[in-house]
Amino acid sequence: LFLSLSLYLFLQHGTPNKFDIPVKRSRILEDSFNVIMSLTAQRTKVLKARLWVEFDGEKGLDYGGVAREWFYLLSKEMFNPYYGLFEYSASDNYTLQINPNSGLCNEDHLKYFKFIGRVCGMAVFHGKLIDAFFVRPFYKMMLKKKIILADMEAVDTEYHNSLKWILENDPQCLDLTFQVETELFGQVQRVDLKAGGAHIAVTETNKKEYVHLVIQWLLSESRETNEILFRGVS
């Protein structure tokens, strides 16, 4: 009867009755990554099947409890700042944001973000919890909502306070231009916020445009990884 039901479900929906996820507790991140990322885009439909998680050396039936534990333990590893994919927000040590320098910590970071997106999508579909909290801009980018200055406080407190001061005061005394500086491995890099930005002074008239472009520049450092993660969810 079980085999007949499995065959019926496969023929009707093209989806196997269950999806096996064999992992070792000591290698839960690596093993889960290998299992889930072995699926081509055309085969990801199988992730909607019943999840059959089996920890190495712990044979037993999975009536949902093992899968729930797998999501919990895996999320602890996926979002651990130790791996360099995520970092804590500027305002606390539990809210997360994507590390803009994740590529320097892990050369396969884009594959891992796609994997994390798939796991999050699985959690939503199967009604499981993911143990992670993100900064507001992360959710707004996912929902394609406009990000405003107030949202940036948790991302970069120093930039937020500086930009807020500019909006509330005349910035001409700061001798700013439409160019920003960033430091990477001790090297200072200059980035024009718009064409010829180094030669355009920030004034009372154009300061709102400057603030908007700075926010977009700050977000651009993690935009690609965000989009890959979101595609994984869908």
Set of side-chain contact (heavy atoms from CB on, under 4.5 Å) partners for A132, sequence neighbours left out
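If we apply the side-chain contact (heavy atoms from CB on, under 4.5 Å) test to A132, skipping adjacent residues, the hits are F79, L96, I130, F134.
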Indicate yes or no: at least one non-hydrogen side-chain atom of [X] is less than 4.5 angstrom from one of [Y].
| X | Y | result |
| --- | --- | --- |
| E87 | P100 | yes |
| L85 | I116 | yes |
| W165 | L174 | yes |
| L229 | T225 | no |
| K18 | D20 | yes |
| F86 | F113 | yes |
| V211 | K208 | no |
| F125 | L47 | no |

Can you sort out the partners of [X] under salt bridge (charged side-chain N to carboxylate O under 4.0 Å, His left out), two or more places apart, ordered by chain and number?
| X | value |
| --- | --- |
| D131 | K76 |
| K114 | none |
| D151 | R136, K140 |
| R27 | D31 |

Can you name the closest pair of heavy atoms from [X] and [Y] and give their distance?
| X | Y | result |
| --- | --- | --- |
| M152 | P137 | SD-CG, 4.4 Å |
| V119 | M78 | CG1-CE, 3.8 Å |
| S89 | A154 | CB-O, 3.3 Å |
| V233 | C120 | CG2-CB, 4.0 Å |
| Y88 | N93 | CE2-O, 3.1 Å |
| F55 | E69 | CE1-OE1, 3.8 Å |

Hey, is [atom1] on [X] packed in by over 12 heavy atoms from elsewhere, all under 6.0 Å?
| X | atom1 | answer |
| --- | --- | --- |
| L129 | CG | no |
| Y139 | OH | yes |
| E107 | CD | no |

Could you verify whether a donor N or O on one side chain and an acceptor N or O on the other, from S32 and W70, lie under 3.5 Å apart?
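Yes - a donor-acceptor pair under 3.5 Å links their side chains.
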Consider only side-chain heavy atoms of I, L, V, M, F, W and Y, link residues closer than 4.5 Å, and tell whether I215 and L167 are in one cluster.
yes
Residue list, side-chain hydrogen bond (donor to acceptor under 3.5 Å, both in side chains) with K194, at least two apart or on another chain
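So K194 forms a side-chain hydrogen bond (donor to acceptor under 3.5 Å, both in side chains) with E209.
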V53 vs F71, side-chain contact (heavy atoms from CB on, under 4.5 Å): CA-CA, chis, key distance, verdict
CA-CA 10 Å; V53 180; F71 273 111; over 6 Å; no
